[in-house]
Amino acid sequence: MEHCQIGFIGAGNMAGSLIGGLIADGYPSRQIHVADIDTGKLKRLQQRFDVHIHTDNEAVVRACDLVVLAVKPQQMRRLAREIATAVRERRPLIVSIAAGIREADLERWLGGEAAIVRAMPNTPALVQSGATGLHANAQVSARQRDQAESLLRAVGVTVWVDREEQLDAVTALSGSGPAYFFLLMEAMQKAGIELGLPPTTARLLVEQTALGAAKLALEADADPGELRRQVTSPGGTTERAIAVMAEAGFEEAILRALRAAYRRSQELSKQLGEDE
Ligand SMILES: NC(=O)c1ccc[n+]([C@@H]2O[C@H](COP(=O)([O-])OP(=O)(O)OC[C@H]3O[C@@H](n4cnc5c(N)ncnc54)[C@H](OP(=O)(O)O)[C@@H]3O)[C@@H](O)[C@H]2O)c1
């Protein structure tokens, strides 16, 4: 990634992961600026990564070519209005990682005409294994798209979507997705215990199986359906288990769950975008 000045407003978990990822990729720490209202968080980041720290959000905007807005969605409207003048003057690329905040709402709060990339990462970004959906508004140049993509690639894989509304599907799939896998892991662990395994053994087996299955799926040419068929021998244990899952409506439940998450994402975006 070309080494422009990158700013972060909000020094929470996500900003910390992105900064850690950038520095691990060789990004110069002295070209990273961070602001937060909590000076304790700022000092910890400075000690850990030797980045510039600020308590003035506008100072970060004025110093940077790319500014990541990494505050909670409910804090975004206030923050955007606070930095609007500096954004109009400096015209940096704004990358918002706040779940549910639509580009048009953010642009309106920023006073119009801002280059905005909206990113929807997920929690495995905290361990550099995230999956992020990205969308850019019409003001974003090809160079700025590359910059945003490189930034998010520092914490995992990235995919661009053509229409911003598709980020609601990304939210339902990968945004909320880690929790679906945790639920499956929780249920498998309970079942393992019920079948007589010690809790620590059941947990380790489940966690390593989830990791192994994900690695196989990522590395194999075959899709997950094909991989499943390959390990399902006729008359065997896997076949018996999968038949029970199918009978219980497993696929239908997943489809209904994702549709519900999708609708909820649309509702939340609408609420978050309302002016007070
Ligand atoms: N964590 C994830 O895995 C994840 C995944 C997907 C998307 N996201 C998105 O990423 C964003 C950040 O999440 P996070 O977990 O990193 O949140 P977080 O830990 O709460 O970090 C946000 C930080 O910003 C500070 N802040 C709030 N208002 C501010 C302002 N006006 N100026 C400067 N700093 C301000 C907060 O201070 P206070 O604590 O004092 O309010 C807090 O330190 C959220 O919008 C979330 O939707 C996170």
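We count ligands from 1, going down the list as the structure has it; atoms in each ligand are counted the same way.
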Asker: Output every pair passing ring-ring contact (aromatic ring centres under 6.0 Å, His included) with a member in residues 180-230, not counting sequence neighbours, ordered by first then second residue.
Answerer: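 Listed by first then second residue: nothing to list.
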
Asker: Identify the protein atoms, limited to N or O, that lie within less than 3.5 Å of an N or O atom of ligand 1, and list each pair with its distance to 0.1 Å.
Answerer:
unit_1   : atom_1 : unit_2 : atom_2 : d
ligand 1 : 16 (O) : N13    : N      : 3.1
ligand 1 : 16 (O) : M14    : N      : 2.8
ligand 1 : 17 (O) : K72    : NZ     : 3.2
ligand 1 : 19 (O) : N13    : N      : 3.3
ligand 1 : 20 (O) : K72    : NZ     : 2.4
ligand 1 : 24 (O) : D36    : OD2    : 3.4
ligand 1 : 32 (N) : N57    : ND2    : 2.9
ligand 1 : 39 (O) : K41    : NZ     : 3.4
ligand 1 : 41 (O) : Q75    : NE2    : 2.9
ligand 1 : 43 (O) : D36    : OD1    : 3.4
ligand 1 : 43 (O) : D36    : OD2    : 2.8
ligand 1 : 43 (O) : K41    : NZ     : 2.6
ligand 1 : 45 (O) : V71    : O      : 2.5
ligand 1 : 47 (O) : A99    : N      : 3.1

Asker: Show every donor-acceptor pair shorter than 3.5 Å between a side-chain atom in residues 225-236 and any protein atom, with sequence neighbours excluded, or say none if there are none.
Answerer:
unit_1 : atom_1 : unit_2 : atom_2 : d
E226   : OE2    : Q230   : NE2    : 3.4
T232   : OG1    : R228   : O      : 2.5

Asker: Taking CZ in R203 as the centre, count heavy atoms belonging to other residues, nucleotides or ligands within less than 6.0 Å. Is the count above 12?
Answerer: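 Atom CZ in R203 is not crowded, with 12 or fewer foreign heavy atoms closer than 6.0 Å.
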
Asker: Any luck finding a side-chain donor-acceptor pair between Q144 and Q139 under 3.5 Å?
Answerer: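 Side-chain D/A pair, Q144 to Q139: absent.
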
Asker: For the residue pair H135 and Q166, confirm or rule out a side-chain donor-acceptor distance under 3.5 Å.
Answerer: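 Distance-only check fails for H135 and Q166.
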
Asker: Scan for salt bridge (Lys or Arg N to Asp or Glu O under 4.0 Å) pairs involving residues 11-32, sequence neighbours excluded, and state none if there are none.
Answerer: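 Listed by first then second residue: R30-D50.
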
